[in-house]
2 protein chains.
Amino acid sequence: MATASVRDTAGQDRLFAALANGTRREVLRLLRERGPQPAGAIADRFDMARPSLSEHLKVLREAGLVSEERAGRQRIYRLEAAPLADVQDWLHPYERFWRQRLTGLGDVLDAMPDDDTP
Amino acid sequence: MATASVRDTAGQDRLFAALANGTRREVLRLLRERGPQPAGAIADRFDMARPSLSEHLKVLREAGLVSEERAGRQRIYRLEAAPLADVQDWLHPYERFWRQRLTGLGDVLDAMPDDDTP
DNA sequence: ACGATAAGTAGGAGATTCCCTACGCGTCAA
DNA sequence: TTGACGCGTAGGGAATCTCCTACTTATCGT
């Protein structure tokens, strides 16, 4: 096993775009807190027509953030957190910048270059 | 000093949406690696009309990810990483889910609930 | 086989995104 | 003061997003 989370630009776009919607973030939270759920049970939690929520699930699926398993006439959705590890990886080189601010180190090092992505 | 990074749903939408674009992520990387830059120097790096890039800078500004400082007829843009700390905070409750997968602990705990956001 | 149930697809309205060209505003140098 | 420069705003076009109301497909119970 070698690479696990190399995401191209378009993939990152899809990932962040999937997260850029409150309803979809709520769906993720629901799956995280309550475990896998059939589409209907998810939809019941939202004040929105079911087909609309079905679309949101599709966006999450295409971003790799949920998977579906068919069980009879239900489709059980499950959180897939792996792409979120990609987000954390993306975040990592920025970490020292907010650390810097919070610890009051100030803006002293602002111009100090670093290399990370080619 | 009390709360520093409480972001409402709309604010999170704006934040993730700002990150959901390759050009804008590139701008952030540039500011991280090369330090603060005038708008023109940033625009020169992209194969895009300057007003288009100006719009991207506006989106980043409204998400709080960059700040601008006027210096003569230039506007120096600077990375503001604090909102990215919000992203990491948002990410945190999901962390155990991908850890779980990676360490091969398997799907055993998938249905185990946890509480985090109200 | 039939009707009811679970959930996705089709198509469409209205808003937003992402790019462009044209133009306006402030600042500096001569 | 005039002209050039740095940069933003206006406005517009094509594509995409987010919601809706039908409608289709697949499965289950009787």
Side-chain angles (χ1 to χ4, degrees), chain A residues 8-28 30-31 34-80, chain B residues 8-31 34-79:
Chain A
D8 55 11
T9 302
Q12 288 195 331
D13 282 10
R14 247 182 285 117
L15 178 51
F16 281 114
L19 297 175
N21 178 285
T23 300
R24 289 194 290 265
R25 288 193 306 277
E26 275 295 295
V27 170
L28 294 179
L30 188 72
L31 294 177
R34 305 281 215 272
Q37 308 249 338
I42 299 172
D44 286 349
R45 303 236 166 204
F46 295 88
D47 186 24
M48 182 182 293
R50 288 201 333 75
S52 305
L53 213 116
S54 194
E55 284 289 335
H56 283 305
L57 290 171
K58 187 180 184 178
V59 172
L60 290 170
R61 224 184 304 127
E62 288 171 355
L65 286 163
V66 303
S67 59
E68 75 170 25
E69 175 203 351
R70 300 182 186 217
R73 54 186 154 179
Q74 303 195 121
R75 298 190 184 184
I76 311 298
Y77 280 87
R78 174 190 305 269
L79 174 66
E80 295 293 338
Chain B
D8 56 12
T9 303
Q12 288 197 329
D13 282 10
R14 246 181 287 117
L15 178 51
F16 281 114
L19 298 175
N21 179 283
T23 301
R24 288 193 293 263
R25 288 194 306 276
E26 275 295 296
V27 170
L28 295 180
R29 186 171 69 83
L30 188 73
L31 294 177
R34 306 280 216 272
Q37 309 249 336
I42 299 173
D44 286 348
R45 303 236 165 204
F46 296 88
D47 185 24
M48 183 181 294
R50 284 184 45 283
S52 305
L53 213 117
S54 194
E55 283 289 334
H56 284 305
L57 289 171
K58 186 181 186 179
V59 171
L60 290 170
R61 226 184 303 125
E62 287 171 356
L65 286 163
V66 303
S67 60
E68 73 167 28
E69 175 203 351
R70 297 178 190 223
R73 53 186 155 179
Q74 303 194 124
R75 299 192 182 181
I76 311 297
Y77 281 88
R78 174 190 304 269
L79 174 65

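Numbered from 1 within each chain, the chains take letters A, B, ... in sequence-line order. Just so we're clear, the structure is a prediction, and the values are computed from it rather than from any experiment.
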**Request:** Could you state the atom-to-atom distance from CG of Asp47(B) to P of dC19(C) in whole Å?
**Result:** 11 Å
**Message:** Between His56(A) and dC17(D), is there a contact of a side-chain N or O with OP1 or OP2 at under 4.0 Å?
**Reply:** no
**Message:** Given 3.5 Å as the limit, does a donor-acceptor pair link the side chain of Arg75(A) with the main chain of Glu68(A), or not?
**Reply:** no
**Asked** So, is Arg75(A) close to the dA26(D) phosphate, meaning a side-chain N or O under 4.0 Å from OP1 or OP2?
**Response** no
**Request:** Looking only at side-chain atoms of Arg73(B), point me to the closest of dC19(C), dA4(D), dG8(D).
**Result:** dA4(D)
**Request:** Pick base, sugar-phosphate or nothing for Ala49(A), based on heavy-atom distances below 4.0 Å to the nucleic acid.
**Result:** base
**Prompt:** Of Ala17(A) and Tyr77(B), whose closest DNA chain D nucleotide lies nearer the 5' terminus?
**Reply:** Tyr77(B)
**Asked** Got a second to check how far Leu53(A)'s CG is from Arg45(A)'s CZ, nearest 0.5 Å?
**Response** 12.5 Å
**Request:** First locate atom CD of Gln74(A), then atom CD of Gln37(A), and finally report the distance between them rounded to the nearest 0.5 Å.
**Result:** 10.5 Å
**Request:** For Arg70(A), report the nucleic acid contact type (base, sugar-phosphate, nothing); a contact means any heavy atom under 4.0 Å.
**Result:** nothing
**Prompt:** Going from NE2 on His56(B) to CZ on Arg61(B), what distance comes out if it is rounded to the nearest 0.5 angstrom?
**Reply:** 13.0 Å
**Request:** With pairs defined as Watson-Crick or G-U wobble and both distances under 3.5 angstrom, please note down DNA chain D as a dot-bracket string, | for pairing with another strand.
**Result:** ||||||||||||||||||||||||||||||
**Prompt:** For the pair made of CG in Asp13(A) and C1' in dC18(C), what is the distance, rounded to whole Å?
**Reply:** 12 Å
**Request:** Round to the nearest Å and state the distance from Glu55(B) atom CD to dT16(C) atom P.
**Result:** 14 Å
**Complete:** With the side chain defined as heavy atoms from C-beta on, Asn21(B) is closest, among dC19(C), dA7(C), dG6(D), to dC19(C)
**Prompt:** Looking at OG of Ser52(B) and CG of Leu57(B), how far apart are the two atoms once the value is rounded to the nearest 0.5 Å?
**Reply:** 11.0 Å
**Message:** What I want to find out is whether Glu26(A) reaches Arg24(A) closely enough, with some N-O distance under 4.0 Å, to be called a salt bridge.
**Reply:** no
**Prompt:** Looking only at side-chain N and O atoms, does Ser52(B) come under 4.0 Å of OP1 or OP2 in dC19(C)?
**Reply:** no
**Complete:** Among the nucleotides dT9(D), dA7(C), dT18(D), whichever has the atom closest to the side chain of Arg24(A) is dT18(D)
**Item:** Candidates dG8(C), dA6(C), dC20(D) - which lies nearest the side chain of Met48(A)
**Value:** dC20(D)
**Residue list, ring-ring contact (aromatic ring centres under 6.0 Å, His included) with Phe16(B), at least two apart or on another chain** = Trp90(B)
**Asked** Rounded to the Å, how far apart are Gln37(B) CD and dC7(D) P?
**Response** 11 Å
**Request:** Using whole Å, report how far CZ of Arg50(A) lies from C1' of dA6(C).
**Result:** 6 Å
**Item:** Among dG8(D), dA6(C), dT9(C), the one nearest Glu68(B) by side-chain distance
**Value:** dG8(D)
**Asked** What is the distance from CD of Gln74(A) to C1' of dT25(D), rounded to the nearest Å?
**Response** 16 Å
**Ion pair Asp13(B)/Arg25(A), N-O distance below 4.0 Å** = yes
**Request:** For Glu62(A) and dT16(D), give me the distance from atom CD to atom C1', rounded to whole Å.
**Result:** 13 Å
**Between C1' of dG6(D) and CG of Leu57(B), the distance in whole Å** = 13 Å
**Request:** Side chain of Pro51(A) only, please: which of dC19(D), dG8(C), dA22(C) is the nearest?
**Result:** dG8(C)
**Message:** What's Pro38(A) touching, base or sugar-phosphate or nothing? Going by heavy atoms closer than 4.0 Å.
**Reply:** sugar-phosphate
